[in-house]
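Owing to the predicted nature of the structure, the values given are computational and were not obtained by experimental measurement. Order of listing sets the numbers, starting from 1, for every ligand and every atom in it.
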Amino acid sequence: MGNGMLNVAVVGCGYWGPNLVRNLFENRFCHRIVACDLELAKLQKIAVRYPSVEVTTDFQEIVKRLDVDAVMIATPLSTHYDLALQALRHGKHVFVEKPFAASSEQAVRLIEEADRRKLTLMVGHTFQYSPPVTKIKEILDAGELGEIFYISSTRVNLGLHQKDVSVIWDLAPHDLSMILFWLGEAPIEVLAAGRDFVQKGIPDVAFMFMRFASGAIAHVQVSWLAPSKLRRTTIVGDAKMLVYDDTEHLEQVKLFDKGVNFKDPDTFGEYQLSYRTGDIVSPKLESFEPLQAEVTDFLSSIIQRRRPRSDGEAGLRVVRILEAAERSLMNSGHLELLEIARRM
Ligand SMILES: NC(=O)c1ccc[n+]([C@@H]2O[C@H](COP(=O)([O-])OP(=O)(O)OC[C@H]3O[C@@H](n4cnc5c(N)ncnc54)[C@H](O)[C@@H]3O)[C@@H](O)[C@H]2O)c1
């Protein structure tokens, strides 16, 4: 890094890694790209599309190279810890795709290693960079919804069944990272129910419930076994309500001036409820690819020596909820208490 730009290696060029390569290729903070995968055929596809990108099947070569500043890891979850730890130990800044690590112990180890070496550690919570999600954050922070009563999120479609992780570890990180980002707090209670319908031992349908210290509650439904693709979140506050539908092309966010007014019994003799249905507003959203904003945050946080929005701690909070949810699911929906910092 001499010219204010970075040389970055992408490790894992399966389904998701090529998206990282493309966004690095278009990023003003990225100088050179090295792509790494165990399978040569995957690297050949990258080399055809981006002739200037160097390719290698040897991860050790990447970490030993002095001219590689940062490593972005898009390999299966079971490999995240080992690859990230090796990269940190060789002085590389590290980005790890979601979910951050396979256990909270692993996540803590990676955070400690990065902190000790003063290296940037970031987790790929892509939705935290998406225009509808950041707009909702603005709306909530401005208090437009009032006190948040509950959030309900649905992320279901047919497939893709994973071989090594449950649907909770595969899909719920998206909803959890959004919910924690919006509420600015982590849950104190988690429970989950689900089933392994297709592959025994790998749950493919799960219903999660969370309770927060603020009083808010949240529900997340994830499934690889559904007839249609749904990506829909409802947020209900005491002032207004909001629906975010990520499958919509227009009007992804709708703000409803709807609610219930409770009239004080002291004034009216006996209490009365009235239902309010006002305007429905769809706020204007910026238009950019979330992954580009995410890559920019990673590279600029290295250059500016600041923490990225989705840092290791954010990754750890999500991993702790995933662990608790999976424990609960395996234990007939047992309520799991989380001892994590409530405010973030
Ligand atoms: N942020 C998002 O929206 C998003 C979307 C999809 C996937 N992901 C995440 O990206 C990661 C990868 O998912 P995927 O669907 O691309 O998986 P994939 O199986 O399609 O690809 C993984 C690739 O990693 C390679 N690989 C495995 N071990 C390696 C090693 N030691 N060195 C080099 N290469 C190695 C494999 O050969 C394979 O090509 C997962 O953590 C997943 O959760 C994130």
Side-chain angles (χ1 to χ4, degrees), residues 8-24 33-47 53-65 68 71-87 90 92 94-103 106-107 110 122-133 153 155 157 159-178 181 202 222 224 229 231 246-247 289-298 308-310 312 314-315 318-319 322:
V8 187
V10 174
V11 182
C13 297
Y15 162 65
W16 194 246
N19 291 324
L20 297 178
V21 172
R22 175 173 54 78
N23 277 282
L24 283 168
I33 304 169
V34 187
C36 172
D37 200 289
L38 297 175
E39 293 179 34
L40 199 55
K42 295 199 169 141
L43 295 174
Q44 279 162 348
K45 280 191 198 161
I46 301 269
V53 171
E54 289 177 63
V55 296
T56 175
T57 53
D58 185 4
F59 177 72
Q60 294 306 321
E61 181 196 321
I62 299 262
V63 289
K64 284 181 186 150
R65 274 178 68 158
V68 170
V71 174
M72 301 185 83
I73 297 169
T75 55
L77 172 62
S78 58
T79 65
H80 285 185
Y81 174 70
D82 189 42
L83 296 175
L85 189 63
Q86 288 193 56
H90 283 83
K92 312 298 180 200
V94 171
F95 170 103
V96 188
E97 260 311 332
K98 65 83 200 162
F100 180 23
S103 71
Q106 290 183 353
L110 293 176
M122 176 163 165
V123 180
H125 292 158
T126 319
F127 278 91
Q128 286 192 23
Y129 297 86
S130 94
V133 173
S153 205
R155 186 172 301 275
N157 46 257
L160 295 168
H161 280 76
Q162 306 286 312
K163 289 184 223 75
D164 56 346
V165 291
S166 75
V167 72
I168 290 185
W169 284 80
D170 183 38
L171 296 184
H174 294 309
D175 304 277
L176 297 176
S177 63
M178 289 191 295
F181 176 55
I202 303 182
V222 283
W224 295 321
K229 178 172 175 167
R231 301 277 184 268
D246 201 56
T247 60
E289 187 177 356
L291 202 46
Q292 187 56 237
E294 185 178 57
V295 167
T296 297
D297 192 28
F298 178 51
R309 179 181 301 170
S310 175
V318 168
V319 167
L322 298 171

Check ion pair K229-D246 (N to O, under 4.0 angstrom) = no

key: Carboxylate-amine/guanidinium contact K45 E39, below 4.0 Å   = no

inquiry  = Tell me which one of V94, V21, V295, V11 satisfies side-chain contact (heavy atoms from CB on, under 4.5 Å) with M72.
reply    = V295

ask   = Can D175 and R155 be counted as an ion pair, charged N to O under 4.0 angstrom?
value = yes

message = Under a 3.5 Å cutoff, is there a donor and acceptor pairing between the side chains of Q128 and E294?
response = no

query = Considering only heavy atoms from C-beta outward, does the side chain of C36 approach that of V55 to under 4.5 Å?
reply = no

Show the distances, to 0.1 Å, for all pairs joining an N/O atom of ligand 1 and a protein N/O atom that are shorter than 3.5 Å, listing one pair per line.
{"residue": "ligand 1", "atom": "1 (N)", "partner": "E97", "partner atom": "OE1", "Å": "3.0"}
{"residue": "ligand 1", "atom": "1 (N)", "partner": "T126", "partner atom": "OG1", "Å": "2.8"}
{"residue": "ligand 1", "atom": "16 (O)", "partner": "Y15", "partner atom": "N", "Å": "3.2"}
{"residue": "ligand 1", "atom": "16 (O)", "partner": "W16", "partner atom": "N", "Å": "2.8"}
{"residue": "ligand 1", "atom": "20 (O)", "partner": "Y15", "partner atom": "N", "Å": "3.0"}
{"residue": "ligand 1", "atom": "34 (N)", "partner": "L38", "partner atom": "N", "Å": "3.4"}
{"residue": "ligand 1", "atom": "37 (O)", "partner": "D37", "partner atom": "OD1", "Å": "2.6"}
{"residue": "ligand 1", "atom": "39 (O)", "partner": "D37", "partner atom": "OD1", "Å": "3.3"}
{"residue": "ligand 1", "atom": "39 (O)", "partner": "D37", "partner atom": "OD2", "Å": "2.7"}
{"residue": "ligand 1", "atom": "39 (O)", "partner": "K42", "partner atom": "NZ", "Å": "3.1"}
{"residue": "ligand 1", "atom": "41 (O)", "partner": "T75", "partner atom": "O", "Å": "3.4"}
{"residue": "ligand 1", "atom": "41 (O)", "partner": "H80", "partner atom": "NE2", "Å": "3.1"}
{"residue": "ligand 1", "atom": "41 (O)", "partner": "K98", "partner atom": "O", "Å": "3.0"}
{"residue": "ligand 1", "atom": "43 (O)", "partner": "K98", "partner atom": "O", "Å": "2.7"}
{"residue": "ligand 1", "atom": "43 (O)", "partner": "K98", "partner atom": "NZ", "Å": "3.1"}

